There are 2 protein chains.
Amino acid sequence: MVSIKEVAQKAGVSVSTVSRVINGKQNVSPEKRAKIMQMVKATGYVPNRAARDMVMKRSFTVGIIIPMTFNMFQRQLFSDIEHHLEDFGYHSSFYFVAMSQESEEACLRRLKGEKTDGVILLHEIELPEFREYLEKNDIPSVIATFEKERWKSTSIHISENEAASAAVNHLIKLGHREIALLSGKRYSFGRQRLQGYVNALESAGIPYNESKVVFVDSYSISDGMSGMKELLDRKISFSALFAITDELAIGAMRYLKDRGYQVPGDISVVGCDDIEISSYTIPRLTTIRQPVSEMGKMSVAMLHSLITSESKMNVNIALPFTLIERESVTEYTKNI
Amino acid sequence: MVSIKEVAQKAGVSVSTVSRVINGKQNVSPEKRAKIMQMVKATGYVPNRAARDMVMKRSFTVGIIIPMTFNMFQRQLFSDIEHHLEDFGYHSSFYFVAMSQESEEACLRRLKGEKTDGVILLHEIELPEFREYLEKNDIPSVIATFEKERWKSTSIHISENEAASAAVNHLIKLGHREIALLSGKRYSFGRQRLQGYVNALESAGIPYNESKVVFVDSYSISDGMSGMKELLDRKISFSALFAITDELAIGAMRYLKDRGYQVPGDISVVGCDDIEISSYTIPRLTTIRQPVSEMGKMSVAMLHSLITSESKMNVNIALPFTLIERESVTEYTKNI
DNA sequence: CTGAAAGCGCTTACAG
DNA sequence: CTGAAAGCGCTTACAG
């Protein structure tokens, strides 16, 4: 591969000068600049990234922390983030982490060797050393799509609590009072959306009833099916369901169909997130939309500004969510 | 950050020796080795990747070429590939490329600067210089999930042609004769699956009828809807549809429902790929399964062997596919 | 088994 | 505006 030295020789200048022009610095005579550009083109020279990274002591890469198995919402988010990262000229390095301490430690170890310019978390890491390492080394981080308390970093999210309330209020406004909840314990948003459900019920003067809520392990479609099964097996009476993620809702609708129930005829279902597939399900899912692309875009933009600016001020950004009314919800008529 | 030099000083040895132990070389006395390990631990030393990459003239990263907008099948594949790459100790670098020459050129330019150890293509690149560059520089590449003619690299795929035939034969066996095709021109598999459809018809002595096939621009769910619309608007008569991707099939089922048709009551639908969501749609989709995880795993394993072994032999691997019978297909009763 | 030294390909003061 | 030189943090012959 051709090196900067070779280009310098062919152009009859020093490497310093070549370095200047390829990095767009001023103070180079037009003639030399032209000559150098010409040689760069002729030789097909491209700077060696490793060498540059080493001397500049930064890698121009940002680390992306992702859960080992990431769901559809995160896949969309991830893809948006990648695009923007590329636009800003960053590389990205992945860190898949599972729900275990060893996995988090392994992630931290790798992180130390790579000197990423910053980190975007699509997954909540518990390990205290992790946070400490970032803070001690001034590595900016942004949390994408979580509203995490006491973690000193910028975070982009919707108000989880209010989003859940909005979903439930929509149901209440339509006359539903026996509203089941399909939730999970994993991640902070599980707790927050549960809280939103509780709040909405309370405001409407509807008593909270434990037997109407089920917690599943994760947030996949199949968890939605098993959660719905559990709910049905309890033989309680209800007319609507709020599933805290769209995938859960889709699984619930699937299972309801298997058991012969109509959505929304027998049960109204509302989800949360608005993943792509939700506009195509049968019936189309009524849900709360998180502005994914904006969130992805902002995550990168915020991280970039944290990396480049002097004042490292961490902000907590709550983006607006929207209720998207589709076909899975209807007015209250009866309980099952 | 602590460097190798610092560790050497604290351990009272030379940097060469430290380098030997952290790289697991032999020929180091047990005492020094122990002392060094201890200092590594104490200082929290982790080798600087950029420095190592530079001197070793390789980056331990593999480039992943992805289409600008990647579909659900590719997202699953991608996620599998990433996991395995991490297992093998590789990093990955993304190259999103659009359907344009400039985009392919930009991709090539970046590739030149990064000295990736190898490349995995999830997207077909047309630019001849691209292939030339890889060949000239002995950069191994594997094509994941495409069966590409005249491209000297290893490729992992199913027999597209036969997979399509299997789907259509299934329909034929159930008595269908008027079988519509929802296809696309983009990528070689579009052409290949079309060929499989044609072959299956021919073997069964059913004449190919152009009016029963529609080509859409891309392979998304919404393309599936618009393709189905076009088909219906042609007012032709048919009893079954083969959509060359699951997303297309899901879009078609969606649109059929909107127009008041029953699947499979009025129209049987079979897809191809077997993406996750296909087992949860209403009705569940009958489709041809590509062994995604195996494909992801093999792509990485093959690339790794290409990178590390001496003999760079390129192989063309066709993995078996399976017909997955679910609920979207039924016996022929009538045409619409 | 071990260390001194060269070199990888860049950037960045520094001196002119 | 320009170049010589130092230095980034490693690995790898080479000599002992």
Side-chain angles (χ1 to χ4, degrees), chain A residues 1-40 43-61 89 91 110-117 137 308, chain B residues 1-37 39-40 43-61 89 91 110-117 137:
Chain A
M1 277 279 76
V2 11
S3 71
I4 193 173
K5 202 168 145 193
E6 198 173 330
V7 176
Q9 285 172 343
K10 299 208 180 191
V13 299
S14 71
V15 299
S16 323
T17 306
V18 176
S19 175
R20 281 184 194 105
V21 352
I22 63 176
N23 288 301
K25 300 276 165 77
Q26 295 310 304
N27 301 346
V28 177
S29 73
E31 305 81 53
K32 302 216 170 186
R33 181 181 298 276
K35 181 72 183 162
I36 290 169
M37 292 300 262
Q38 182 193 329
M39 292 324 299
V40 166
T43 57
Y45 170 70
V46 181
N48 177 301
R49 200 161 83 83
R52 168 180 284 172
D53 285 359
M54 184 175 79
V55 45
M56 297 188 72
K57 288 173 176 312
R58 53 175 288 205
S59 58
F60 295 94
T61 105
H91 289 263
R110 265 188 60 205
L111 201 57
K112 286 183 177 172
E114 298 187 19
K115 307 209 181 326
T116 55
D117 287 1
N137 295 75
T308 51
Chain B
M1 279 279 75
V2 10
S3 71
I4 194 174
K5 202 167 146 193
E6 198 172 328
V7 176
Q9 285 172 344
K10 299 207 182 194
V13 298
S14 72
V15 299
S16 321
T17 306
V18 177
S19 175
R20 282 183 194 104
V21 352
I22 62 176
N23 288 302
K25 301 276 166 76
Q26 296 310 305
N27 302 347
V28 178
S29 73
E31 305 81 54
K32 298 216 171 185
R33 182 182 297 278
K35 181 70 183 163
I36 289 169
M37 292 301 262
M39 292 323 301
V40 165
T43 56
Y45 170 70
V46 181
N48 177 301
R49 200 161 85 81
R52 167 179 284 173
D53 285 0
M54 185 175 78
V55 45
M56 298 187 72
K57 286 172 177 314
R58 54 175 287 207
S59 58
F60 295 93
T61 105
H91 289 263
R110 266 188 60 205
L111 201 58
K112 288 183 177 173
E114 298 187 17
K115 308 207 181 325
T116 54
D117 287 1
N137 296 75

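Only a predicted model underlies this, so the values are computations on that prediction, with no experimental measurement involved. Computed from heavy atoms alone, side chains included, the values below leave out hydrogens, waters and symmetry copies. Protein chains get the first letters and strands the later ones, always in sequence-line order, with residue 1 at the start of each.
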query: Counting only side-chain N and O atoms of A:Ser19, is one of them less than 4.0 Å from OP1 or OP2 of C:dT11?
result: yes
task: Would you give the length of the straight line joining atom CD of B:Glu31 to atom CD1 of B:Ile36, rounded to the nearest 0.5 angstrom?
output: 11.0 Å
- prompt: Expressed in angstrom and rounded to an integer, what is the separation of B:Lys35 atom NZ from C:dC1 atom C1'?
  reply: 19 Å
message: Tell me the interatomic distance from B:Arg49, atom CZ, to C:dC8, atom C1', rounded to whole angstroms.
response: 16 Å
- line: Whole-Å distance, B:Asn48 CG to D:dG7 P, equals 18 Å
Gap between atoms CE and C1', on B:Met56 and C:dG7 respectively (whole Å): 15 Å
query: In the strands shown, is D:dG16 matched to any nucleotide by a Watson-Crick or G-U wobble pair with both distances under 3.5 Å, and which?
result: C:dC1
message: Tell me the interatomic distance from A:Lys25, atom NZ, to C:dT11, atom C1', rounded to whole angstroms.
response: 7 Å
- request: First locate atom CE of B:Met54, then atom CZ of A:Arg52, and finally report the distance between them rounded to the nearest 0.5 Å.
  value: 13.5 Å
task: Check whether any side-chain heavy atom of B:Lys10 lies under 4.5 Å from a side-chain heavy atom of B:Glu6, and answer yes or no.
output: yes
message: At 4.0 Å (heavy atoms only), tell me whether B:Met54 reaches a base, stays on the sugar-phosphate, or touches nothing.
response: base
Counting only pairs under 3.5 Å, give me each side-chain donor-acceptor contact of residues 43-51 of chain B, with atom names and distances, residues two or more places apart or in other chains.
residue: B:Thr43; atom: OG1; partner: B:Met39; partner atom: O; Å: 2.8
residue: B:Thr43; atom: OG1; partner: B:Val40; partner atom: O; Å: 3.3
residue: B:Thr43; atom: OG1; partner: B:Tyr45; partner atom: N; Å: 3.3
residue: B:Asn48; atom: OD1; partner: B:Ala50; partner atom: N; Å: 2.9
residue: B:Asn48; atom: OD1; partner: B:Ala51; partner atom: N; Å: 2.9
residue: B:Arg49; atom: NH1; partner: B:Asp53; partner atom: OD2; Å: 3.4
residue: B:Arg49; atom: NH1; partner: B:Ser59; partner atom: O; Å: 3.2

message: Do B:Ser19 and B:Ser16 pair up side chain to side chain, a donor and an acceptor below 3.5 Å, judged on atom types alone?
response: no
- prompt: Between atom OH in B:Tyr45 and atom C1' in D:dC10, what is the gap in whole Å?
  reply: 7 Å
Options C:dT11, C:dT12, C:dG9, nucleotide nearest the side-chain atoms of A:Ile22: C:dT11
query: Is there side-chain contact between B:Thr17 and B:Lys35, with at least one heavy-atom pair below 4.5 Å?
result: no
- prompt: For D:dG7, does OP1 or OP2 lie under 4.0 Å from any side-chain N or O of A:Lys57?
  reply: no
task: Rounded off to whole Å, could you give me the CG-to-C1' distance for the B:Asp53 and C:dG7 pair?
output: 16 Å
task: Give the nucleotide from the list C:dG9, D:dC10, D:dG9 with an atom nearest to the side chain of A:Ala51.
output: C:dG9
What nitrogen or oxygen pairs link the protein and nucleotides 2-5 of chain C at under 3.5 Å?
residue: C:dT2; atom: OP1; partner: B:Ser29; partner atom: OG; Å: 3.0
residue: C:dT2; atom: OP2; partner: B:Ser29; partner atom: N; Å: 2.9
residue: C:dG3; atom: OP1; partner: B:Lys32; partner atom: NZ; Å: 3.4
residue: C:dG3; atom: OP2; partner: B:Ser14; partner atom: N; Å: 3.1
residue: C:dG3; atom: OP2; partner: B:Ser14; partner atom: OG; Å: 3.2
residue: C:dG3; atom: OP2; partner: B:Thr17; partner atom: OG1; Å: 2.8
residue: C:dG3; atom: O6; partner: B:Arg20; partner atom: NH2; Å: 2.6
residue: C:dA4; atom: N6; partner: B:Ser16; partner atom: OG; Å: 2.6

field: C:dT11 phosphate, OP1 or OP2, under 4.0 Å from A:Asn23 side-chain N/O
entry: yes
message: On a heavy-atom basis, which atom in A:Arg33 and which in A:Lys25 lie closest, and how many Å separate them?
response: NH2-O, 3.1 Å
- request: Using only side-chain N and O atoms of B:Lys5, determine if any of them is under 4.0 Å from OP1 or OP2 of D:dC8.
  value: no
message: On DNA chain D, does the nearest nucleotide to A:Pro30 precede the nearest nucleotide to B:Val55 from the 5' side, or the other way round? Give the residue.
response: A:Pro30
